[in-house]
Amino acid sequence: QVQLVESGGGLVQPGGSLRLSCAASGRTFSSYSMGWFRQVPGKEREFVAGIGWSMTYYTDSVKGRFTITRDNAKNTVYLQMNSLKPEDTAVYYCAASSYVNNWRRLSEYNYWGQGTQVTVSS
């Protein structure tokens, strides 16, 4: 069993930055692939970024602006978000998968956090 707790969300102006954190319980964190997703009301939850042992993956709309990293010693995955845009406004969720074949598919993830709100507005 893995519990995930996100933090770091908030209100930021366009062009600003935020760093989201996702702290995981359990001693097998390093064996999980981790993903960040986001969701706005009325829309499906969408993939943002993923990280395996060393490889990273991003959806096109955040490439060059967002960076996903992990610290296995701290059981934490991060999402550094720069050059934020109003369209990045969403609830951001982290998720853990014991095996990922399709990073974008929600059903591939075994555990989910409760989400953290990110609002980009002037």
(Q) If you apply the rule side-chain contact (heavy atoms from CB on, under 4.5 Å), what do you find for Glu6 with Leu20, and how did you get there? (A) CA-CA 7 Å; Glu6 302 97 334; Leu20 305 183; over 6 Å; no
(Q) Applying side-chain contact (heavy atoms from CB on, under 4.5 Å) to Tyr58 and Trp103, what does each step give before you reach the verdict? (A) CA-CA 9 Å; Tyr58 300 93; Trp103 288 87; over 6 Å; no
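Both cation-pi conditions hold for Arg19 and Tyr78: the charged atom is under 6.0 angstrom from the six-membered ring centre and inside a 45 degree cone around its axis. Both tests hold for Arg70 against Phe29: distance to the six-membered ring centre under 6.0 Å, angle to the ring axis within 45°. Cation-pi geometry between Arg38 and Tyr93 is not satisfied (NZ or CZ under 6.0 Å from the ring centre, within 45° of the ring normal).
At least one side-chain heavy atom of Ser121 sits less than 4.5 Å from a side-chain heavy atom of Leu11.
Of all the heavy atoms in Ala24 and Leu4, the pair that sits closest is CB-CD2, 3.6 Å. Residues Val91 and Gly115 come closest through the heavy atom pair CG1-CA, 3.8 Å. Of all the heavy atoms in Ser33 and Gly52, the pair that sits closest is OG-CA, 4.1 Å.
Under the 3.5 Å distance criterion, the side-chain polar atoms of Ser97 are matched with a main-chain donor or acceptor of Glu108. A donor-acceptor contact shorter than 3.5 Å links the side chain of Ser25 to the backbone of Gln3. The backbone N or O of Asn101 sits nowhere less than 3.5 Å from a side-chain atom of Arg105 that would complete a donor-acceptor pair. In this structure, Thr59 contributes its side chain and Val48 its backbone to no donor-acceptor pair below 3.5 Å.
Ring to ring, Trp112 and Phe37 are close: their centroids are under 6.0 angstrom apart.
Under the 4.5 Å side-chain contact rule for hydrophobic residues, Tyr109 and Met55 share a cluster. Linking Ile, Leu, Val, Met, Phe, Trp and Tyr residues whenever their side-chain heavy atoms come within less than 4.5 Å places Leu106 and Val100 in a single cluster. Under the 4.5 Å side-chain contact rule for hydrophobic residues, Val77 and Phe47 do not share a cluster.
To the nearest 0.5 Å, atoms CE (Met34) and CG (Asn72) are separated by 10.0 Å. Within the model, atoms OH of Tyr32 and OH of Tyr111 stand 4.5 Å from one another, a figure rounded to the nearest 0.5 Å. Expressed to the nearest 0.5 Å, how far OG1 of Thr56 lies from NZ of Lys63 amounts to 10.0 Å. The CG atom of Leu79 sits 9.5 Å away from the OG atom of Ser21 when rounded to the nearest 0.5 Å. Interatomic distance, CG of Asn110 versus OG of Ser98, reported as 4.0 Å (0.5 Å rounding).
At a cut-off of 3.5 Å, with distance as the only test, a side-chain donor of Ser17 or Asn82 sits close to an acceptor on the other residue.
Just one of Leu18, Thr89, Val62 meets the side chain to side chain contact (heavy atoms under 4.5 Å, CB included) condition when paired with Leu84; it is Leu18.
Within a 6.0 Å sphere centred on CD of Glu87, other residues, nucleotides and ligands contribute more than 12 heavy atoms.
Taking 4.0 Å as the cut-off between side-chain N and carboxylate O, Asp88 and Lys85 do not count as a salt-bridged pair.
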